[in-house]
Novice: 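Below is one structure. I have some questions about it.
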Amino acid sequence: MDSAAYKSTVTAAFNRAAASYDRLGVEFFTPMGRRLIERAAPRPGDRVLDVGCGRGASLFPAAELVGPTGHVLGIDIAPAMIEEARAEAERQGATNVELQVLDGENPDLPAKSFDLVTGSYSVIFIPDAPAAMARYAKLLAENGRIAFTSPVFTDDTFPFLPPMFTDLIPQDLLRNLPAEWQPEALRRRFNSWLGKIGDLRRTMRHAGFRDVDVVDEPLHVVVDSGEAWVDWSHTQGMRLLWQHLPPAESQQLRERLIAALDALRDGDGPALLEVPVRYVTATVRH
Ligand SMILES: C[S@@+](CC[C@H](N)C(=O)[O-])C[C@H]1O[C@@H](n2cnc3c(N)ncnc32)[C@H](O)[C@@H]1O
């Protein structure tokens, strides 16, 4: 799949997901975005660019910290995500937030016009992310910083899935995925620069950053029920798998996942899952 076709598949998937994105009884992107901003700690008055802002999991916490003298520009390739974020900005009366439908791979924005570039679980979708990193370096003012999250990829899981699901999703089910979404192909796409910490540091240094800090931290994800998680999984990366499974296999997998997740619940209470997240921060070198 060429880059344009890949981007239109990604855009269509996030357009479809936008209305219920992260609002289905699973708290994942929202706490991760908040934690990313806590780690990046923008200061009052900072100018922030949030790439692949979605509905604003990292954008709104950043807007709160930069305050009325700061500014946050959120960009996303999916118009429906921007619409949702715009509605939220209006609801909050956030006057320091601006939203634009824009491809984050090569955003046409003025050089040295930001103090911080962020991207929570978004730069992983950019086809040539190492090249995009070099462009973000150019957008940063002196001592500007970048902060983004990614999954912690392992060799034996479908990317985007918590490691606890490795045994629940048999490898032969993954064979239903089209070639470009097979685990091996996804590993080549992402792991070639993100999967190994050494490669990641080298890529960031090559893109013009210094003091590259990589921290893997568990996110404690609250899941109301097995059913809530499975419904939610249709709005994130696992949607790829669901949409290519034959109906009988899809139903079987649904039941298996619901049972496994419900077994983790404390009575009628929610289940708590530990999902590792990679937080990367770095400072521009100019
Ligand atoms: C997993 S979501 C994360 C959204 C948000 N940052 C959050 O944490 O909730 C990934 C987002 O990246 C966006 N995205 C994917 N490719 C993009 C690109 N080339 N340029 C800009 N945004 C992109 C998607 O539309 C989607 O909103």
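Below, each value reflects all heavy atoms present in this structure, side chains not excepted, and no hydrogens, waters or symmetry copies. All ligand and atom numbering here is 1-based and tracks the order in the structure.
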Novice: Regarding W242 and S250, is there a side-chain donor-to-acceptor distance under 3.5 Å anywhere?
Specialist: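 Side-chain D/A pair, W242 to S250: absent.
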
Novice: With sequence neighbours excluded, what pairs up with T30 under the side chain to side chain contact (heavy atoms under 4.5 Å, CB included) test?
Specialist: D22, R23, R34

Novice: With sequence neighbours excluded, what pairs up with T11 under the side chain to side chain contact (heavy atoms under 4.5 Å, CB included) test?
Specialist: N15, I77, A78, P79

Novice: State, yes or no, whether a side-chain contact exists between V212 and R205 at a heavy-atom distance under 4.5 Å.
Specialist: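 In contact.
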
Novice: Any side-chain donor paired with an acceptor under 3.5 Å for T149 and S120?
Specialist: yes

Novice: With salt bridge (charged side-chain N to carboxylate O under 4.0 Å, His left out) as the rule and sequence neighbours excluded, what pairs involving residues 89-104 come up?
Specialist: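 Matches after skipping sequence neighbours: K7-D103, E88-R91.
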
Novice: Using a 4.0 Å cut-off on heavy atoms, what residues surround ligand 1? Order them by chain and number.
Specialist: V10, F14, Y21, F29, G52, C53, G54, A57, D76, I77, A78, M81, L102, D103, G104, S120, Y121, S122, F125, I126

